[in-house]
Amino acid sequence: MESFRSNYNKLFTSFFLFSALLLVFMSSMPITNAKVHHHDFVVQATPVKRLCKTHNTITVNGMYPGPTLEVNNGDTLVVKVVNRARYNVTIHWHGVRQMRTAWADGPAFVTQCPIRPGGSYTYRFTIDRQEGTLWWHAHSSWLRATVYGALIIRPRQGDEYPFPKPHRETPLLLGEWWDANPIDVVRQATRTGAAPNISDAYTINGQPGDLYNCSAKDTIVVPIAAGETNLLRVVNSALNQELFFKVANHKLTIVGADASYVKPFTTSVLMLGPGQTTDVLITANQPPARYYIAARAYASAQGAPFDNTTTTAILQYKSAACSTTTSKCVSSKPVIPKMPAFNDTATVTAFTTSFRSPRKAPVPTKIDHNLFFTVGLGLNNCPRGARSRNCQAPNGTRFAASMNNVSFVLPSNFSLLQAHQQGVPGVFTTDFPANPPLRFDYTGNVSRSLWQPAQGTKVYRLKYGETVQLVLQGTSIFTAENHPIHLHGYDFYIIAEGFGNFNAKRDTAKFNLVDPPLRNTASVPVGGWSVIRFVADNPGVWLMHCHLDVHITWGLAMAFLVENGVGKLQTLEPPPADLPKCN
Ligand code: C2O
């Protein structure tokens, strides 16, 4: 009896304690109706016909581009990826912060080994304080040429946009199409050491548009009614090309970029580097007609070949739409926008320097790591005895690219994150240099002896919570060009940009520490520099690279290793049970 009573008392006490705790816990939580979205992605070859010819294209669920995911801030995504293709694949959720969930980030051999043909892996992650447009893409070889789609993040349920609610929303994914298998294109480049073949078309939502052969009847039409406002979510998902974007006769009001809001500003032309997104409002305030939405190259590298074609969609006023009785629209040619010149860097600078955060931003001011990375191309001398057919870059060399003269090499038997978490030695070293090994006139006439980078798998180590300032300095080795530098797992403030060599004495005065834009990809000006700042508040191994895939192929990448902090909320989650194995 005695023991029964004491057990009963214990039970009662614990029940009471539990309920009290539950109450405290619930009242401390915001009222939320965050959802969990489940999706199945089947990566598979699908016949896709473009430019008069059918290719067996790698797609997700047979769609090109792949499915659009729509969520609210705070929601969780659970995406099961099944690989039915004949290539290794991974999916990266470009721009998603992945707080403590680095295992779901996706770059092959960085946060996971690839999903083998026949295998599968489920990505689980939560959207944490990001609103706007992001996207997802394959992150293995050049599969992202066709394996990509939009990720739309609306405000939390019950929250509003910080601008008048648009009548409609249209994602516009800018892509790049080869009349070939993109994997063959990159393999050939890797074999020869030369630059890969340029693409044959750009696309908007997978369609090249009126100006290409066999494409007119599939041109994307974006309907709009007079007076209506449409939120265009523009994504540059092209592989290797920065793009200008314009809508004939219409002004665009920029309200967001890379899933952060910006102080609205109005422009007639956008420039997006691969990886970047821009949310713009467009109002139907022009005479009812059909207007081209167009994108074509911003080609900043002097003398380098590029795809100079133009992709188009049509903004079609409802009152100008085809009527069956008159079929008027067939004869009315859409109005063509005047695009900037291919090398119009002045327009790009005016655009990129217009971005501001909507309000005062919490930019870190006490800096723990003051870093300076050179970013650019190089040329590797061919090893003695190498065949000339494998050394087809200029002067019998092979193309290379580097940060601080380290040309990044991915591991092949482990992911960096696994090696870090399991303490596997020999996969990477932690000696990525904080400064270039040699100072030189980066944007001047660089001596030939400085053209050859060294290969390495080096990371830069950061403690949890440390602050970083990073100068990204373009080089003019071989050629200077604009590099879209993307950091995984983080958003960063772009506090300044400029041309020539960064000079701390002169340029620190230009830092915007008040309302700089928050981005995940910075367009480092051709022959110039950008300065970014971030706080290392997300443990894991995070790739930073040029988002021109040709440059990643050549090694224009490095990774930050961010250590765990104190306690669960500052610690990387354990790896999911189905994380793909390398061997
Ligand atoms: Cu859009 Cu490394 O990624």
Side-chain angles (χ1 to χ4, degrees), residues 60 65-66 69 79 81 88-98 101-114 123 125 130 132-151 153 171 173-176 182 186 233-243 257-260 272-278 373 375 401 403 408-411 415-417 457 459 472 483-492 519-524 532 534 538 540-562:
V60 166
L69 306 180
V79 185
V81 178
N88 288 338
V89 75
T90 67
I91 303 289
H92 166 53
W93 315 91
H94 180 113
V96 173
R97 290 234 31 213
Q98 301 285 6
T101 52
W103 304 108
D105 189 42
F109 300 109
V110 177
T111 59
Q112 68 167 97
C113 293
Y123 294 85
F125 54 92
Q130 299 189 287
T133 308
L134 294 176
W135 59 300
W136 54 267
H137 62 77
H139 211 301
S140 177
S141 183
W142 275 21
L143 282 180
R144 81 169 179 84
T146 56
V147 176
Y148 64 87
L151 168 54
I153 311 169
L173 293 129
L174 312 178
E176 202 169 3
V186 65
R233 300 173 178 274
V234 188
V235 181
N236 186 344
S237 25
L239 218 60
N240 292 325
Q241 191 60 61
E242 287 97 348
L243 294 166
D258 296 2
S260 290
L272 297 93
Q276 295 182 316
T277 73
T278 311
F373 294 177
V375 299
M403 285 186 165
F408 190 72
V409 180
L410 287 168
S415 74
L416 298 175
L417 189 61
T457 307
V459 305
L472 295 160
H483 295 281
I485 302 294
H486 171 51
L487 174 58
H488 285 231
Y490 285 88
D491 288 326
F492 48 73
R519 309 276 318 232
N520 63 51
T521 306
S523 299
V524 178
I532 66 171
F534 63 96
N538 191 11
V541 178
W542 304 106
L543 193 63
M544 185 170 75
H545 63 85
C546 178
H547 216 288
L548 305 173
D549 270 25
V550 51
H551 293 177
I552 315 181
T553 309
W554 292 337
L556 217 172
M558 58 79 67
F560 286 102
L561 187 164
V562 180

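All ligand and atom numbering here is 1-based and tracks the order in the structure. Heavy-atom basis, side chains included; hydrogens, waters and symmetry copies ignored. Quick note: residue numbers are just sequence positions, from 1.
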Checklist entry - Nearest heavy-atom pair of L143 and A138: which atoms, and what distance? => result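 That closest heavy-atom pairing would be CB-CB, 3.7 Å.
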
Item to check | Taking every non-hydrogen atom, the tightest pair across L543 and M558 | outcome: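 The answer is CD1-O, 3.4 Å.
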
Item to check | Contacts of type side-chain hydrogen bond (donor to acceptor under 3.5 Å, both in side chains), residue Y123, not counting sequence neighbours | outcome: Q112

Next on the checklist: Quick one: does any side-chain atom of T277 pair with a main-chain N or O of V235 as donor and acceptor, under 3.5 Å?
Outcome noted: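 Pair absent, no side-chain N/O of T277 close to backbone of V235.
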
Item to check | Under-2.8 Å protein N/O/S neighbours of atom 2 (Cu) of ligand 1, ordered by chain then residue number | outcome: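 Protein N, O or S atoms closer than 2.8 Å to atom 2 (Cu) of ligand 1: H139 NE2, H488 NE2, H545 NE2.
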
Item to check | CH2-CG distance between W142 and N240, expressed to the nearest 0.5 angstrom | outcome: 4.5 Å

Next on the checklist: Measuring only between side-chain heavy atoms, which start at C-beta, is T521 closer than 4.5 Å to N236?
Outcome noted: no

